[in-house]
Amino acid sequence: MFRDFPLFPEQASTLAPGVDGLLFYLLAVTVFFSVGISLALAIFAIKYKRRSPDEWPAEIHGSLALELVWTIIPMILVTVMFVWGTTLFFSMNRPPDNAIEVNVVGKRWMWKLQHITGQREINELHVPVGRPVKLTLTSEDVIHSFFVPAFRMKKDAVPGRYNVAWFQATKPGSYHLFCAEYCGTDHSRMIGRIVVMEPAEYQTWLQGGPAPESPVAAGQKLFVELNCVTCHRADSQGRGPVLEGVAGSRVKLQTGESITADESYLRESILTPAARIVEGYQPIMPTYLGQVSEEGVLQIIAYLESLKGPQPGPGTAAVASAAGKP
Ligand code: CUA
């Protein structure tokens with residue numbers, strides 16, 4: 001009878017069993033206490049009903065045993081919730097290093113996806129089974145939310161920032177993708193699917209179609225077209241910092257503060273360059289807000305990340321100073 005009325009989506013990712021397990025645990029604790037408290041309420045109401053106006057209950061002066069029981073047992077129950085929940089939260093938010101990277105841009109009302117190898121997709125994502133896939137999400141307009149119930153994965157795509165999510169599919173198939181944040185008229189139609197394929201099949205899919213331009217190549221092109229290259233090069237007399245190796249390294253700002261030049265900082269520096277200037281430079285760079293799409297920004301960042309140049313990152317800095325160079 002309930003065959004066509006599934007209460008639970010399929011479990012199709014490595015994280016799904018853990019999420020469901022925690023949900024069932026929370027559900028069990030909730031049901032146990034709701035039923036227990038309601039039952040006790042009903043029984044006590046009958047058993048201890050005041051039968052005559054001059055009936056007074058005996059005074060009770062506490063019970064150490066009872067107080068210990070109702071302190072210790074709930075403490076254990078909520079500690080399990082906390083540890084289990086935190087562990088899951090961390091594993092959900094830390095993509096493995098060997099993950100396939102996909103950029104996701106939400107836009108009213110579609111999902112635009114690009115693989116690091118260059119393939120573009122709209123409202124569809126092809127991935128191999130058994131490999132972690134890391135998503136970097138942002139939005140071109142309003143907040144959207146990338147939701148794949150079968151993977152127990154949901155992450156907001158927020159304009160102006162990068163959110164990261166990941167999953168590893170455990171069985172081939174086609175799974176629903178939803179937008180889970182009301183984003184306007186066609187929100188309910190902002191849907192798609194994740195196609196999980198056997199690795200060999202995935203390789204064939206990757207090679208099908210015209211050879212795509214990788215985000216790195218597209219980013220390099222933009223870097224020239226937008227004239228970034230004019231100032232960001234070694235012989236520009238210090239107009240702009242050289243960008244080799246800057247992605248992911250520590251940079252010192254004018255304010256004296258040190259930060260990691262992560263994807264969000266790089267994005268900010270492209271769109272609102274004056275926000276956080278690197279020490280030793282003037283705020284002369286114009287904004288590129290409106291001149292480059294969110295996809296373009298992601299491509300430029302991919303290009304910058306591919307530049308493993310002479311500029312010291314945190315690791316190489318130590319080597320350089322050990323060798324006696326500044
Ligand atoms: Cu996009 Cu709802």
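In this text the structure is predicted, and so the values were computed from the model without any measurement. All ligand and atom numbering here is 1-based and tracks the order in the structure.
- Looking at Lys171 and Glu10, a side-chain N of the basic residue comes within less than 4.0 Å of a carboxylate O on the acidic one, giving a salt bridge.
- The angle Cys179:SG - atom 1 (Cu) of ligand 1 - His144:ND1 amounts to 120°, with values rounded to 10 degrees.
- A cation-pi arrangement is absent between Lys155 and Phe146, since the terminal nitrogen or guanidinium carbon is not both under 6.0 Å from the aromatic centre and inside a 45° cone about the axis.
- Taking a cutoff of 4.0 Å between a charged side-chain nitrogen and a carboxylate oxygen, Arg120 and Glu295 qualify as a salt bridge.
- Taking CG from Asn98 and CD from Gln168, the interatomic distance works out to 8.0 Å, rounded to the nearest 0.5 Å.
- With a cut-off of 2.8 Å, atom 1 (Cu) of ligand 1 has no N, O or S atom of Ser145 in range.
- Restricting His187 to its N/O/S atoms, the shortest distance to atom 2 (Cu) of ligand 1 is reached by ND1.
- The atom name of the N/O/S atom in Glu181 closest to atom 2 (Cu) of ligand 1 is O.
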